[in-house]
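For the single chain, residues carry numbers from 1 onward in sequence order.
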Amino acid sequence: MAEKDVVIKEVIKYAGYGDFKNFYSYAHDCLKGEKYSVTEDSYTEKVKGSSKEVEIAWTASKKLTDYFKVEIGVKWRILGMEDVDVEIDGKKKKMNKFAEVKIEAKGTLIHDYSNQWNKNAQTNFFKSLYNKYIIPDRTEQMKDKVEQDIKDFKEEMKALMELTGKTAR
């Protein structure tokens with residue numbers, strides 16, 4: 001069985017103005033730009049009066065080597081999203097007002113993702129030796145890569161939200 005190490009978990013919170021479609025596509029493009037395959041596991045939308053609640057779950061993954069794979073779980077929770085008209089540079093534009101946007105990104109490093117080293121007791125024994133004595137430095141490098149990808153994703157999303165929110169006010 002593949003071993004999974006949760007390396008990092010980051011949370012982005014935002015309240016204010018923005019464009020949900022833009023946030024969604026930008027986040028997707030950020031992950032795709034880093035060569036992740038992105039799967040939408042769930043999307044639920046609840047309408048409450050003039051506002052919506054949206055919950056989304058993504059799984060993004062990419063192979064780092066023949067042995068290591070990274071998996072990023074992205075969970076969105078949007079509360080109180082309403083369509084509004086805002087004025088930007090004297091022009092009206094349709095946007096969204098958010099009571100709260102919460103995006104949680106969790107980075108996981110997966111060892112032996114194809115289960116090549118778990119075929120029998122002997123290969124499993126060699127796998128434990130390999131992990132303990134041969135590749136601990138490489139494992140740390142891979143964990144650093146996962147951590148950096150999550151931090152970069154967080155910073156990209158924060159910058160977009162702050163820029164959009166300031167423009168709309």
Given side chain to side chain contact (heavy atoms under 4.5 Å, CB included), test Tyr26 with Glu156 step by step and report yes or no. CA-CA 9 Å; Tyr26 188 80; Glu156 289 285 334; 2.4 Å; yes

Before we go on, tell me: are the rings of Tyr36 and Phe153 under 6.0 Å apart, centre to centre? no

NZ (Lys106) with more than 12 external heavy atoms under 6.0 Å: no

Is it true that atom CG of Asp85 has more than 12 heavy atoms of other residues, nucleotides or ligands lying nearer than 6.0 Å? yes

Please step through side chain to side chain contact (heavy atoms under 4.5 Å, CB included) for the pair Tyr130 and Phe125, ending with a clear verdict. CA-CA 9 Å; Tyr130 183 68; Phe125 172 72; over 6 Å; no

In terms of hydrophobic clusters joined by side-chain contacts under 4.5 Å, are Val38 and Tyr43 together? yes

Quick check: is Phe126 connected to Ile135 through a chain of hydrophobic side chains (ILVMFWY, heavy atoms under 4.5 Å apart)? yes

Show your working on salt bridge (charged side-chain N to carboxylate O under 4.0 Å, His left out) between Lys93 and Glu87 and close with a plain yes or no. CA-CA 6 Å; Lys93 183 176 179 181; Glu87 190 173 314; over 6 Å; no

Please check if Met142 and Val6 belong to a single hydrophobic cluster, counting links between Ile, Leu, Val, Met, Phe, Trp and Tyr side chain heavy atoms closer than 4.5 Å. no

Ignoring hydrogens, what is the shortest heavy-atom contact between Lys145 and Lys62? Give both atom names and the distance. NZ-NZ, 3.8 Å

Exactly one of Lys48, Lys46, Arg77 should register a side-chain hydrogen bond (donor to acceptor under 3.5 Å, both in side chains) with Glu53. Which one does? Lys48

Lys/Arg-Asp/Glu bridge criterion (N-O < 4.0 Å) met for Lys151, Glu10: no

Which residue in the set Phe23, Phe20, Tyr17 passes ring pair (Phe, Tyr, Trp, His ring centres under 6.0 Å) when paired with Phe98? Phe23

Nearest heavy-atom neighbours spanning Ser51 and Glu82: CB-CG, 3.6 Å

Aromatic contact, Trp117 with His111 (centres under 6.0 Å): no

Is there a path of hydrophobic side-chain contacts, each under 4.5 Å between heavy atoms, that joins Leu160 and Ile56? yes

So with a 6.0 Å cut-off around NZ of Lys154, is the heavy-atom count from everything else above 12? yes

How far does CD of Glu155 sit from CG of Asp152, to the nearest 0.5 angstrom? 8.0 Å

Minimum-distance pair of heavy atoms, taken over all atoms of Ile110 and Ala2: CG2-CB, 3.7 Å

Euclidean distance, Glu147 CD relative to Asp144 CG, rounded to 0.5 Å: 6.5 Å

Take Arg138 and Phe68 through the side chain to side chain contact (heavy atoms under 4.5 Å, CB included) test and state the conclusion after the steps. CA-CA 10 Å; Arg138 184 183 292 179; Phe68 292 107; 3.8 Å; yes

Working to the nearest 0.5 Å, report the span between OG1 of Thr65 and CD of Gln141. 11.0 Å

Evaluate Asp112 against Lys127 for salt bridge (charged side-chain N to carboxylate O under 4.0 Å, His left out), listing each step before the verdict. CA-CA 9 Å; Asp112 188 26; Lys127 176 183 172 181; 3.7 Å; yes

Would you indicate whether the side-chain heavy atoms of Thr59 and Glu71 approach each other to under 4.5 Å? yes

Could you pull out the closest heavy-atom pair between Ala60 and Leu31, with the gap in Å? CB-CD1, 4.1 Å

Quick one: does any side-chain atom of Lys102 pair with a main-chain N or O of Ile12 as donor and acceptor, under 3.5 Å? no

Nearest heavy-atom contact between Ala15 and Ala99 is CB-O, 3.2 Å

With a 4.5 Å heavy-atom cut-off, do Asp19 and Lys21 have their side chains touching? yes

Ignoring hydrogens, what is the shortest heavy-atom contact between Asn118 and Asn124? Give both atom names and the distance. OD1-OD1, 3.0 Å

Pair Tyr113 + Tyr67: ring centers closer than 6.0 Å: no

Run the numbers on Lys94 and Asp83 for salt bridge (charged side-chain N to carboxylate O under 4.0 Å, His left out), then give the verdict. CA-CA 7 Å; Lys94 292 213 178 276; Asp83 294 332; over 6 Å; no

Between atom CD1 of Ile78 and atom CD of Glu55, what is the distance when rounded to the nearest 0.5 Å? 9.5 Å

Atom CD1 in Ile72, atom CG in Asp149: separation rounded to 0.5 Å? 5.5 Å

Kindly compute the distance separating CD1 (Ile8) from CD (Gln148), expressed to the nearest 0.5 Å. 9.0 Å

With the 4.5 Å side-chain cut-off for hydrophobic clustering, are Val70 and Val7 part of the same group? yes

Run Val101 and Ile103 through side chain to side chain contact (heavy atoms under 4.5 Å, CB included) and show every step you take. CA-CA 7 Å; Val101 176; Ile103 302 172; 4.1 Å; yes

